[in-house]
Amino acid sequence: MNIRRELEQRLSAAMSEAGGQDAPAIVAPSARPQFGDYQVNGVMSVAKRLKINPRELADKIVAAVDLSDIAENLEVAGPGFINITLKNDLLQQQIAESLTDEEHLSVPLAASQQTIVVDYSAPNLAKEMHVGHLRSTIIGDALARVLDFLGHTVIRQNHVGDWGTQFGKVILGMWHLCMEKVRNDPEYIERNYESLKAVSAEDDVAKRKEALLLIHNQQQEDLNNDWDGENAFHPYLKEVVRNKSLTLIDLLPAYQFVNLVESLAKGTGLIIDSPPKHKRVELAKVSSYVTKMLQETDKPKNRQEFKGWCYAKLLTRHKCDEIYYRLGVPLEHKYRRTRGESKYRKQLSKVIEDLEAKRLLEKSDGAQCVFPDEFKNKDGERLPVIVQKSDGGYLYATTDLAAIRYRVGTLPEGEKQLHADRILYVTDSRQALHFRQIFAVAKEAGFAPEGVSLEHVPFGTMMDKNNRPFKTREGGTVKLMDLLDSAERQALGLVNTKSPNLPEEQKLDIAKKVGIGAVKYFDLAHNRASDYVFSWDKMLALDGNTAPYMQYAYARIRSIFRKIKSTNYTNFTNILITDPAERALAVKLLQFSEAVQAVADESLPHLLCGYLFDLAGAFTTFYESCPVLKSDEPTRSSRLGLCEATGRTIRTGLGLLGIETVEQM
RNA sequence: ACGCCCGUAGCUCAGCAGGAUAGAGCGGCGGUUUCCUAAACCGCAGGUCAGAGGUUCGAGUCCUCUCGGGCGUACCA
């Protein structure tokens with residue numbers, strides 16, 4: 001039962017009956033204990049609007065409403081608050097009832113059941129997942145779990161970056177790896193990367209050109225020797241696939257090498273000649289050229305690009321799966337799918353055609369653009385959304401538009417597609433403008449019908465203690481794998497000191513659940529909108545508002561039940577509330593559904609963390625002041641019931657955040 | 001330059017359509033263990049809610065301006 005919603009409905013009705021218009025009563029948990037359990041805040045503003053005395057209106061509402069089954073006498077206080085104290089009978093009966101509903105703890109399902117797509121995680125191809133992917137993965141997973149819990153049909157979409165412009169760089173990187181092997185010069189990439197890095201740091205243009213020219217000449221020579229890939233690149237790919245001899249660890253430096261070469265080559269005028277058609281491509285743009293070929297991959301002549309792509313995709317996928325497995329974010333499920341950008345590749349040209357047909361397309365500097373009405377500054381200057389580059393290539397925006405059509409079901413008939421009422425995009429807040437633009441185009445083009453809710457769920461950046469984006473000591477990105485290793489290792493250290501006598505296997509299991517839980521919870525407990533400062537100490541201090549604090553509270557509860565060797569909870573449904581600590585705990589327990597509902601409404605998982613922390617606090621206070629096993633019946637059974645209800649709520653609540661509990665720690 | 005976001009205790013953060021005396025954790029100080037897990041609990045100290053105006057019964061929350069920080073703004077994702 002959602003008490004707050006119930007109170008709000010009845011009081012709002014009473015308000016209009018008392019002549020207070022159809023305004024919401026606005027019920028909130030009370031600010032202080034002496035004001036009861038809930039307070040009504042909405043009376044004053046309505047009274048002001050109607051120019052009547054707020055206390056008189058409050059009196060009328062109190063007279064009109066019937067809360068006899070929920071609350072003790074209502075009290076009008078201060079300028080016009082109504083204070084509500086829940087009946088102990090209600091608390092007792094509600095907790096008893098929730099004990100009979102093991103799965104759902106009496107949390108009501110959402111009023112209207114929707115189909116909701118959650119777009120999250122979305123790592124890039126051929127790069128190892130790093131801390132930047134953590135937030136999207138964890139927040140998206142938590143939101144999906146919560147929405148699912150409330151009865152919605154949740155479809156998870158992992159929009160893997162496997163098709164964008166950067167992918168040309170990956171293939172080009174593979175090509176460089178191939179060439180250094182052919183030339184038997186295994187240090188080539190590493191050597192040149194270092195020398196380029198060195199000259200890029202200084203401000204010496206001549207030196208830079210010199211280093212760049214060396215690479216340029218080598219690249220031109222290699223290309224001349226194997227212009228269609230038949231001599232070297234094809235056989236290389238074949239071998240690599242057969243022997244699985246290329247790893248992400250090889251691929252990353254090659255990718256970085258290409259990146260650096262191209263960024264330094266910008267504006268130098270260095271040209272690579274491609275023999276077949278005497279195509280001349282700027283050194284700085286070779287990878288875009290490769291991308292273009294990839295995007296026309298269904299032409300047989302581009303099959304080497306296609307093959308390289310497939311292989312890199314496979315590599316990434318394996319590595320990502322390891323992470324997802326460790327994080328407990330499962331992928332393969334009826335409603336959980338990896339569906340990368342490439343899946344939309346055949347619809348991209350159709351997107352352009354349809355925009356053209358709606359007369360939304362405009363060519364500007366050679367690129368195909370849409371200019372949504374929404375984006376005009378004061379001078380009427382318009383902001384473009386580029387959907388096709390001047391070289392004909394497609395972009396993130398194009399893919400996202402195609403993805404929207406697939407998700408809401410506005411593709412041409414016959415195509416398999418989803419029919420979402422709501423789509424959540426869990427991405428970095430820096431993409432806010434991008435999504436506003438995409439949503440605007442989708443609405444104007446009719447790709448997303450009016451009723452569909454497109455929502456960007458942005459989150460801030462993880463910072464180091466100097467308030468800079470979180471990096472390794474060397475300045476690189478922190479690999480997610482390393483982060484998780486470290487978390488588990490540190491948690492194991494703690495288990496060893498705190499519970500040295502447990503069997504080794506169990507210690508490892510606890511370390512895993514506590515370590516991973518700590519990482520996830522630390523992230524989820526922050527308001528996702530703001531940047532937050534990452535700290536090993538804070539996360540694994542295992543104090544305060546952390547996963548281990550909650551897990552510890554749970555373990556203590558389990559310990560009680562181990563002592564009495566009982567799993568028959570039906571004995572404990574006779575709840576008697578007498579002690580203030582019991583009452584505070586009971587009220588908190590009842591508010592679980594409010595917290596879950598709030599997370600679903602606002603897409604803010606930290607609200608649930610805050611709730612669980614309060615609950616664990618209420619429990620430990622209870623635990624300190626109210627003996628359970630040593631008290632007499634019927635108090636003993638009642639307190640066992642409260643313990644069981646708390647344990648289930650913590651387990652279920654942490655479960656909704658994707659965090660596991662342990663029986664002992 | 002324009003746009004979006006942010007500024008709350010020494011540090012890290014909450015503060016839910018404006019509500020009663022702004023809350024936690026860490027750190028600091030002081031206490032609690034013959035008692036169900038001390039990874040715990042209880043108490044104390046610590047605030048001009050960046051600053052200045054305004055709206056009103058009432059502002060950390062809404063509006064305007066100033067200062068400070070972050071991010072974004074045409075072929076990256």
Side-chain angles (χ1 to χ4, degrees), chain A residues 24 26 28-32 34-35 39-45 47-48 54 77-81 83 122 124 161 163-166 288 341 364-369 375 377-379 381 383-391 393 395-397 399-400 427-434 436 458 460-461 463 465 467 494-495 497-499 514 525-527 529-533 535 537-538 541-546 548-549 551-553 555-564 594 598 601-602 604 606-607 609-610 613-614 617 620-621 623-631 639 643 664-665:
Chain A
I26 308 182
S30 288
R32 300 172 182 284
Q34 70 263 34
F35 301 143
Q39 62 184 49
V40 181
N41 292 334
V43 180
M44 280 91 74
S45 60
K48 178 163 69 176
F81 296 101
N83 292 334
N124 282 327
W163 200 242
T165 304
Q166 42 107 39
S288 341
E341 298 179 337
S364 176
D365 285 347
Q368 294 287 6
C369 305
F375 299 93
N377 66 16
K378 290 172 225 121
D379 308 326
E381 224 174 283
L383 189 65
V385 178
I386 299 176
V387 291
Q388 188 172 26
K389 296 195 282 187
S390 47
D391 68 3
L395 302 100
Y396 189 36
T399 312
D400 264 344
T427 80
D428 201 294
S429 55
R430 285 174 298 199
Q431 295 182 36
L433 179 61
H434 165 77
R436 278 180 52 209
T461 311
M463 309 299 244
K465 58 173 179 281
N467 260 310
L494 263 144
V495 177
T497 45
K498 302 286 180 186
S499 311
V514 170
H526 289 86
N527 186 331
S530 44
D531 294 346
Y532 75 93
V533 177
S535 149
D537 290 345
K538 289 234 155 55
L542 316 186
D543 265 324
N545 190 4
T546 64
Y549 178 83
Q551 287 167 323
Y552 179 65
R556 280 172 139 188
I557 292 170
R558 299 310 305 154
S559 165
I560 292 172
F561 286 97
R562 261 196 311 279
K563 286 233 153 55
I564 59 167
E594 296 168 24
D601 292 342
E602 319 277 332
L604 291 173
H606 81 285
L607 298 176
C609 296
F613 182 55
D614 288 347
T620 45
T621 303
Y623 182 86
E624 297 288 330
S625 63
C626 300
V628 178
L629 297 178
K630 292 196 170 63
S631 51
R639 288 184 176 168
C643 288
Q664 263 177 286
M665 63 188 281

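Residue numbering restarts at 1 for every chain, and letters A, B, ... go by the order of the sequence lines.
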Q: Looking only at non-hydrogen atoms, find the nearest pair between S429(A) and G460(A) and report the distance.
A: OG-CA, 4.2 Å
Q | Upstream residue (5' side of RNA chain B) when S625(A) and S499(A) are each assigned their closest nucleotide | A | S625(A)
Q. Looking at the side chain of T620(A), which of A40(B), A14(B), C42(B) is the nearest nucleotide?
A. A40(B)
Q: Give the B/S/- string for nucleotides 70-77 of chain B, one per nucleotide from 5' to 3', where a protein heavy atom under 4.0 Å of the base yields B, of only the sugar-phosphate yields S, and otherwise -.
A: -SSSBBSB
Q) So what does C626(A) touch, heavy atoms closer than 4.0 Å: a base, only the sugar-phosphate, or nothing? A) base
Q) Can a side chain N or O of K563(A) be found less than 4.0 Å away from OP1 or OP2 on U37(B)? A) yes
Q: Just compare A20(B), A39(B), C16(B) and give me whichever is closest to any side-chain atom of L494(A).
A: A39(B)
Q.
Under 4.0 Å, heavy atoms only, any strand: does Q39(A) hit a base, just the sugar-phosphate, or nothing?
A. base
Q: Kindly write out the residues that satisfy side chain to side chain donor-acceptor pair (under 3.5 Å) with T427(A), not counting sequence neighbours, or none if the list is empty.
A: H456(A)
Q) Who passes side-chain contact (heavy atoms from CB on, under 4.5 Å) against A397(A), sequence neighbours left out? A) V385(A), H434(A), I438(A)
Q | Shortest non-hydrogen separation from N545(A) to A525(A) and the atoms involved | A | ND2-CB, 4.3 Å
Q) So what does S559(A) hit on the nucleic acid, given a heavy-atom distance under 4.0 Å: a base, only sugar-phosphate, or nothing? A) base
**Q.** Nearest-angstrom distance, C1' atom, G53(B) to G72(B)
**A.** 30 Å
(Q) Using a 4.0 Å heavy-atom cut-off, does I560(A) contact any base of the nucleic acid, only the sugar-phosphate backbone, or nothing at all? (A) sugar-phosphate
**Q.** Separation of U37(B) C1' from Q551(A) CD (nearest whole Å)
**A.** 15 Å
Q) How long is the line joining CZ of F613(A) and C1' of U12(B), in whole Å? A) 13 Å
Q) Shortest non-hydrogen contact from I386(A) to C369(A)? A) CG1-SG, 3.9 Å
Q. Would you say A20(B) has OP1 or OP2 under 4.0 Å from some side-chain N or O of S30(A)?
A. no
**Q.** Centroid separation F613(A) to Y549(A) less than 6.0 Å
**A.** yes
Q.
Do Y623(A) and C643(A) have side chains that approach each other closer than 4.5 Å (heavy atoms only, starting at C-beta)?
A. no
Q: Identify whether any heavy atom of V533(A) sits under 4.0 Å from a base atom; if not, whether one sits that close to sugar-phosphate; answer base, sugar-phosphate or nothing.
A: sugar-phosphate
Q. Taking only residues two or more places apart in sequence, or in another chain, which ones meet Q664(A) in a side chain to side chain donor-acceptor pair (under 3.5 Å)?
A. Q506(A)
**Q.** For D391(A), side chain to side chain donor-acceptor pair (under 3.5 Å) partners two or more places apart
**A.** none
Q | Non-neighbouring partners of E624(A) that pass salt bridge (charged side-chain N to carboxylate O under 4.0 Å, His left out), sequence neighbours left out | A | R556(A)
Q: Specify the separation, in whole Å, of atom CG of N527(A) and atom P of A14(B).
A: 5 Å
Q. Partners of S559(A) by side-chain contact (heavy atoms from CB on, under 4.5 Å), sequence neighbours excluded?
A. R562(A), K563(A)
Q: Grab the CZ-P distance between F81(A) and A20(B) for me, whole Å please.
A: 6 Å
Q) Which pair of heavy atoms, one from F375(A) and one from R436(A), lies closest together, and at what distance? A) CE2-NH2, 3.4 Å
**Q.** Protein-nucleotide distance (E381(A), atom CD; G3(B), atom P), rounded to Å
**A.** 13 Å
Q: Pick base, sugar-phosphate or nothing for Q34(A), based on heavy-atom distances below 4.0 Å to the nucleic acid.
A: base
Q | Rounded distance in Å between the P positions of C29(B) and G54(B) | A | 45 Å
Q: Return the value, rounded to whole Å, for the distance between atom NZ of K630(A) and atom C1' of U34(B).
A: 11 Å
Q: Could you give the distance separating C5(B) and A50(B) at their C1' atoms, to the nearest angstrom?
A: 16 Å
Q. Distance between the C1' atoms of A59(B) and A20(B), in whole angstroms?
A. 14 Å
**Q.** Between P of G15(B) and CG of N545(A), the distance in whole Å
**A.** 12 Å
Q) Say you pick atom C1' in A14(B) and the same atom in U55(B); how far apart are they, in whole Å? A) 27 Å
Q. Y623(A) near the nucleic acid: base, sugar-phosphate alone, or nothing, with a heavy-atom cut-off under 4.0 Å?
A. base
Q | Interatomic distance, Y549(A) OH vs A24(B) P [rounded to whole Å] | A | 12 Å
Q: Take atom P in G46(B) and the same atom in G23(B), then report the distance between them in whole Å.
A: 14 Å
Q: Give D400(A) one of three labels, base, sugar-phosphate or nothing, depending on what nucleic acid heavy atoms sit under 4.0 Å from its own.
A: nothing
Q: Check Q388(A) against L395(A) and note the closest heavy-atom contact, atom names and distance.
A: N-CD1, 3.9 Å
Q.
For RNA chain B, report each stem as range with range, ordered by first number, or say none. Use Watson-Crick or G-U wobble pairs under 3.5 Å, at least 3 in a row.
A. B:1-7 with B:67-73, B:10-13 with B:23-26, B:28-32 with B:40-44, B:50-54 with B:62-66
(Q) Mind checking if A525(A) touches a base, just sugar-phosphate, or nothing, with heavy atoms under 4.0 Å? (A) nothing
**Q.** Pairwise P distance for C16(B) and C57(B), with rounding to whole Å
**A.** 22 Å
Q | Upstream residue (5' side of RNA chain B) when A432(A) and R556(A) are each assigned their closest nucleotide | A | A432(A)
Q: For each nucleotide in nucleotides 28-33 of chain B, reading 5' to 3', give B when a protein heavy atom comes within less than 4.0 Å of its base, S when such contact involves only the sugar-phosphate, and - otherwise.
A: ------
Q. Is the base of A14(B) touched by the side chain of D614(A) through a donor-acceptor pair closer than 3.5 angstrom?
A. no
Q) What residues form a salt bridge (charged side-chain N to carboxylate O under 4.0 Å, His left out) with D531(A), not counting sequence neighbours? A) none
Q) Is there side-chain contact between Q431(A) and Y396(A), with at least one heavy-atom pair below 4.5 Å? A) yes
Check: protein-nucleotides 55-62 of chain B nitrogen or oxygen pairs below 3.5 Å:
residue, atom, partner, partner atom, Å
G58(B), O6, K48(A), NZ, 3.4

Q. Checking all strands, does F35(A) fall into the base, sugar-phosphate, or nothing category for heavy-atom contacts under 4.0 angstrom?
A. base
(Q) When the P atoms of A52(B) and U8(B) are compared, how many Å lie between them, rounded to an integer? (A) 16 Å
Q: For A555(A), answer base if it contacts any base atom (sugar-phosphate contacts may also be present), sugar-phosphate if it contacts only those atoms, and nothing otherwise; contact means non-hydrogen atoms under 4.0 Å.
A: base
**Q.** side chain to side chain donor-acceptor pair (under 3.5 Å) against N83(A), all qualifying residues, sequence neighbours excluded
**A.** none
**Q.** Separation between CZ of F561(A) and CG of L629(A), rounded to the nearest 0.5 Å
**A.** 8.5 Å
